Amino acid sequence: MENEIKKKVMLSGIQPSGDLHLGNYLGAVKNWGARAEEFDCYYFMADLHTLTVRQNPAELRRRTLEQLAQYIACGLDPEKNTLFVQSHVHEHAELGWILNCYTMFGELSRMTQFKDKSAKNADNINGGLFTYPALMAADILLYQADFVPVGEDQRQHCELTRDVAIRFNNIYGDVFKVPEPYIPKAGARVMGLGNPTSKMSKSDPNGCVFLMEKPEDIARKFKRAVTDSDTENCVRFDRENKPGVANLMNIYAAVTGKTFEEIEKEFDGCGYGVFKPAVGEAVIETLRPIREEASRLLADKAYLQKVYSDGAEKASYIARKTLRKVYKKVGLVEKPF
Ligand code: TYM
């Protein structure tokens, strides 16, 4: 165990508040895989975070398990990565409370995700929605993470985590590792297929491609993807004037590994009628093995249960150590048992 701790730590999570989509995959999960040799990796289902918005309990349970199957299907080997459910490691909620007391009202008020979500859930702007970034900081700092692989939209929360860690360390000495966000070049911000000026999200199901979606539905969504109002009909990267085409190029680049230049050459003179289905096809082929493997894994509930039980045990070991140190530093009397 001591050897593992010496490796740099990578950690991330996704809320099982909706089915995983292409944005989650390209912005986050895709970059988690294949890092396990280099890093000590922790990935979790951020189920506590989902409660900031009302959830259907049965659906939440289903999606949490499905998300675990999808993590594994995306290449996260449970033997090499610690995969767990956030609520199974109670230290998250406990450190979350402590860090609430070291996170400023003004800082929380500036979070764009809070502003967006409170606009969307005007009848349920609860305390959890507001203090959510303190829980996210706890998720990260408990494991002394060095790197946090996320999409662009989580950068602000990662910056806040750094600020909270530095503030705490300034008072109590070196308690927390100050983590860095790790944001991919291609895929960090996948936009909606129906509206390329807002990020792909489950709240717009027509513009959102889900990992478990049938190939024919994915193909249809790409065929209908909004391109541009210009008449150029030419595949050229210009984020400002051609955001729809830029988004499709970004997706294509992320799934094929090609550069924008190579893509422009490949589709030179082809027009959107050829380009859009080609992007759809590339996405379908990328997602096909993931969908098939996830479906296979989902049929084996006992295996999934073993994975998340082992994961919680490993995660708890590290989380407990950090929390104990924090409790001591802030002056809480040590538990006698
Ligand atoms: P969440 O659940 O909204 O999203 C999960 C991950 O997917 C990325 N993502 C995207 N990337 C590119 N394009 C998109 N359209 C897109 N939509 C989502 C997000 O950037 C994220 O990496 N607060 C986090 C969950 C969390 C967490 C953590 C992450 C809780 N604790 C600790 C890292 C570390 C969230 O709401 O992500």
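Keep in mind the model is a prediction, meaning the values are calculated, not measured. In listed order, ligands and their atoms are each counted from 1.
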Practice task
Check whether more than 12 heavy atoms from other residues, nucleotides or ligands sit under 6.0 Å from atom CD of Glu313, and answer yes or no.
Solution key: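 Not buried by this count: 12 neighbours or fewer within 6.0 Å.
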
Exercise for the section: For Arg62, look at atom CZ and say whether over 12 heavy atoms of other residues, nucleotides or ligands are found less than 6.0 Å away. Expected result: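 Correct, the count exceeds 12.
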
Does [X] reach ligand 1 with a nitrogen or oxygen that is under 3.5 Å from one of the ligand's nitrogen or oxygen atoms?
{"X": "Glu152", "answer": "no"}
{"X": "Gly23", "answer": "yes"}
{"X": "Val190", "answer": "yes"}
{"X": "Met200", "answer": "yes"}
{"X": "His157", "answer": "no"}
{"X": "Lys199", "answer": "no"}

Practice task
Just do the side-chain contact (heavy atoms from CB on, under 4.5 Å) check on Phe168 and Leu141 with the steps written out, would you?
Solution key: CA-CA 11 Å; Phe168 198 93; Leu141 300 179; over 6 Å; no

Exercise for the section: Examine distances only and state if a side-chain atom of Asn24 and a backbone atom of His21 form a donor-acceptor pair shorter than 3.5 Å. Expected result: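 At least one qualifying donor-acceptor pair exists.
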
Handout entry: Backbone of Phe210 reached by a side-chain donor or acceptor of Glu213 within 3.5 Å
Key =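 Such a contact is found between Glu213 side chain and Phe210 backbone.
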
Proximity to ligand 1 by part of [X], non-hydrogen separation under 4.0 Å:
{"X": "Trp32", "result": "neither"}
{"X": "Met191", "result": "neither"}
{"X": "Asp139", "result": "side chain"}

Handout entry: Asp310 and Lys314: CA distance, side-chain angles, deciding distance, salt bridge (charged side-chain N to carboxylate O under 4.0 Å, His left out) verdict
Key = CA-CA 6 Å; Asp310 291 352; Lys314 277 174 71 186; over 6 Å; no

Please state whether the rings of [X] and [Y] are parallel, tilted or perpendicular, taking 30° and 60° as the class boundaries.
{"X": "Tyr172", "Y": "Tyr102", "answer": "perpendicular"}
{"X": "Tyr252", "Y": "Phe275", "answer": "perpendicular"}
{"X": "Phe105", "Y": "Phe130", "answer": "tilted"}

Problem - Validation row, ring centre Tyr143 to ring centre His92 under 6.0 Å - result: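 Yes, close enough.
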
Practice task
Could you tell me whether Phe44 and Phe84 have their ring centroids closer than 6.0 angstrom?
Solution key: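 Between Phe44 and Phe84, the centre distance is under 6.0 Å.
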
Practice task
Using the side-chain contact (heavy atoms from CB on, under 4.5 Å) rule, take Leu22 and Met200 through it: C-alpha gap first, then chi angles, then the decisive distance, then the call.
Solution key: CA-CA 8 Å; Leu22 193 61; Met200 180 177 283; 3.8 Å; yes

Should you measure from each heavy atom of [X], which atoms of ligand 1 turn up under 4.0 Å away?
{"X": "Arg189", "result": "12 (C), 13 (N)"}
{"X": "Gln15", "result": "2 (O), 35 (C), 36 (O)"}
{"X": "Ala188", "result": "11 (N), 12 (C), 13 (N)"}
{"X": "Val148", "result": "33 (C), 34 (C)"}
{"X": "Gly27", "result": "11 (N), 12 (C)"}
{"X": "Ala28", "result": "6 (C), 7 (O), 22 (O)"}

Practice task
Would you kindly say whether Asp47 and Thr64 are connected by a side-chain donor-acceptor distance under 3.5 Å?
Solution key: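 On atom types as modelled, these side chains do not qualify, holding no pair under 3.5 Å.
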
Exercise for the section: Give a yes-or-no answer on whether the side chains of Gln70 and Tyr25 include a donor-acceptor pair shorter than 3.5 Å. Expected result: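 No, Tyr25 and Gln70 have no side-chain donor paired with an acceptor closer than 3.5 Å.
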
Considering heavy atoms of the protein only, find what lies nearest to [atom] and give residue, atom and distance to 0.1 Å.
{"atom": "atom 4 (O) of ligand 1", "result": "Asn24 ND2, 3.5 Å"}
{"atom": "atom 19 (C) of ligand 1", "result": "Asp153 OD1, 3.2 Å"}
{"atom": "atom 37 (O) of ligand 1", "result": "Gln154 NE2, 3.6 Å"}
{"atom": "atom 22 (O) of ligand 1", "result": "Gly151 N, 3.1 Å"}
{"atom": "atom 23 (N) of ligand 1", "result": "Tyr132 OH, 2.4 Å"}

Under 4.0 angstrom from ligand 1, any heavy atom of [X]?
{"X": "Ser12", "result": "yes"}
{"X": "His21", "result": "yes"}
{"X": "Gln113", "result": "yes"}
{"X": "Ile140", "result": "yes"}

Handout entry: From the candidates Leu22, Val150, Ile14, Leu141, the one that places a heavy atom nearest atom 5 (C) of ligand 1
Key =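 The residue whose heavy atom sits nearest atom 5 (C) of ligand 1 is Ile14.
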
Problem - For atom 25 (C) of ligand 1, the option (of Cys208, Ser17, Pro149, Gly13) bearing the nearest heavy atom - result: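 Going through Cys208, Ser17, Pro149, Gly13 one by one, Gly13 has the nearest heavy atom to atom 25 (C) of ligand 1.
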
Handout entry: Carboxylate-amine/guanidinium proximity below 4.0 Å for Arg35 and Glu38
Key =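 Answer for the salt bridge query: yes.
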
